[in-house]
Amino acid sequence: MVIDRPARARCQGAPELASTTSGAPSARGRDHTPADILAARLTTVAHPLHATALTIHAVTGADISRLALIRGIDIDETATTVKIHDSTAHRRCRLYPLPTWTRPLARAASIHGQLKDRAPDSPLFPLITVQNGKQLHLTATGIRYTLGPDR
């Protein structure tokens, strides 16, 4: 669920950077859907793993336990799909397409894992999915997004 909030003022002297939107729809204007607003908010999350985990949750509905199963190799090289594992049987794992606006976020998470020297088959979100996703819930609260149960 997306809750509207007032716009923050830009820092004085800060240049307007077009690249910070990552292709996400603007949250301003009358014709924007809740998905557009959420997309714009997710691109403002500073940590690439938090942004990607929340994005994958928003796109797929994967709960904390399923987010914890995602590995670096479960997001393809072009960040166009993500594999969500079933916790009980790999025959029921699903491949989800990722919208265009999510791809820079997914690539950032992949690069973060490489910079941390994580093996490609290790969990992508190891620290933010522990303790029932407490860290991820805090991040979601900061952008006024409700991290809900699996759909």
Side-chain angles (χ1 to χ4, degrees), residues 1-75 79-88 93-116 118 122-151:
M1 178 171 68
V2 179
I3 303 165
D4 203 12
R5 67 176 178 173
R8 292 184 189 171
R10 271 190 38 221
C11 295
Q12 288 183 332
E16 185 69 36
L17 300 175
S19 63
T20 60
T21 62
S22 303
S26 168
R28 307 278 182 257
R30 293 184 196 159
D31 300 330
H32 298 291
T33 66
D36 294 338
I37 295 167
L38 177 61
R41 287 182 186 169
L42 285 168
T43 61
T44 65
V45 175
H47 199 289
L49 296 182
H50 290 242
T52 304
L54 288 171
T55 298
I56 290 172
H57 174 272
V59 171
T60 68
D63 62 10
I64 296 295
S65 63
R66 289 204 172 123
L67 288 173
L69 296 173
I70 297 174
R71 304 164 299 167
I73 59 174
D74 292 329
I75 297 175
T80 55
T81 59
V82 61
K83 183 189 289 185
I84 304 295
H85 296 278
D86 185 86
S87 58
T88 58
C93 296
R94 290 191 54 197
L95 200 58
Y96 288 87
L98 292 173
T100 304
W101 66 267
T102 67
R103 294 174 189 164
L105 297 172
R107 287 287 303 133
S110 177
I111 291 168
H112 182 274
Q114 291 170 5
L115 291 172
K116 293 289 188 177
R118 288 198 183 104
S122 65
L124 190 59
F125 310 117
L127 298 177
I128 60 174
T129 54
V130 296
Q131 297 179 348
N132 202 27
K134 181 179 178 183
Q135 199 55 273
L136 199 56
H137 283 280
L138 290 172
T139 302
T141 301
I143 62 166
R144 302 203 181 201
Y145 174 72
T146 302
L147 190 62
D150 190 20
R151 291 182 201 161

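All heavy atoms count here, side chains included; hydrogens, waters and symmetry mates do not.
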What do the steps show when you test L127 against Q135 for side chain to side chain contact (heavy atoms under 4.5 Å, CB included), and what is the final call? CA-CA 8 Å; L127 298 177; Q135 199 55 273; over 6 Å; no
Does anything in residues 105-115 pair up under side chain to side chain donor-acceptor pair (under 3.5 Å), and if so which pairs, sequence neighbours excluded? none
I need the minimum non-hydrogen distance between A68 and P123, along with the two atoms involved. O-CB, 4.0 Å
What do the steps show when you test I143 against L54 for side chain to side chain contact (heavy atoms under 4.5 Å, CB included), and what is the final call? CA-CA 10 Å; I143 62 166; L54 288 171; 4.2 Å; yes
Is there a side-chain contact between D86 and R66 (heavy atoms, below 4.5 Å)? yes
Between L49 and I128, which heavy-atom pair has the shortest distance, and what is it? O-CD1, 3.5 Å
Backbone of L98 reached by a side-chain donor or acceptor of R103 within 3.5 Å: yes
Does any non-hydrogen side-chain atom of Y96 lie less than 4.5 Å from one of I56? no
Quick one, R71 with L124, criterion side chain to side chain contact (heavy atoms under 4.5 Å, CB included). Give me CA distance, side-chain angles, the key distance, then yes/no. CA-CA 5 Å; R71 304 164 299 167; L124 190 59; 5.8 Å; no
Whether the side chain of T52 engages the backbone of L105 through a donor-acceptor N/O pair (distance < 3.5 Å, no angle test) should be reported. yes
Please give me the minimum heavy-atom distance between T55 and A51, naming the atom from each residue. OG1-O, 2.7 Å
Kindly indicate whether the side chain of L136, heavy atoms from C-beta on, has any atom under 4.5 Å from the side chain of L67. yes
In chain order, what residues pass the side-chain hydrogen bond (donor to acceptor under 3.5 Å, both in side chains) check against T141, with sequence neighbours excluded? none
Flag side-chain contact, heavy atom, 4.5 Å: H85 against D74: yes
So, T129 side chain and F125 main chain: donor-acceptor pair closer than 3.5 Å or not? yes
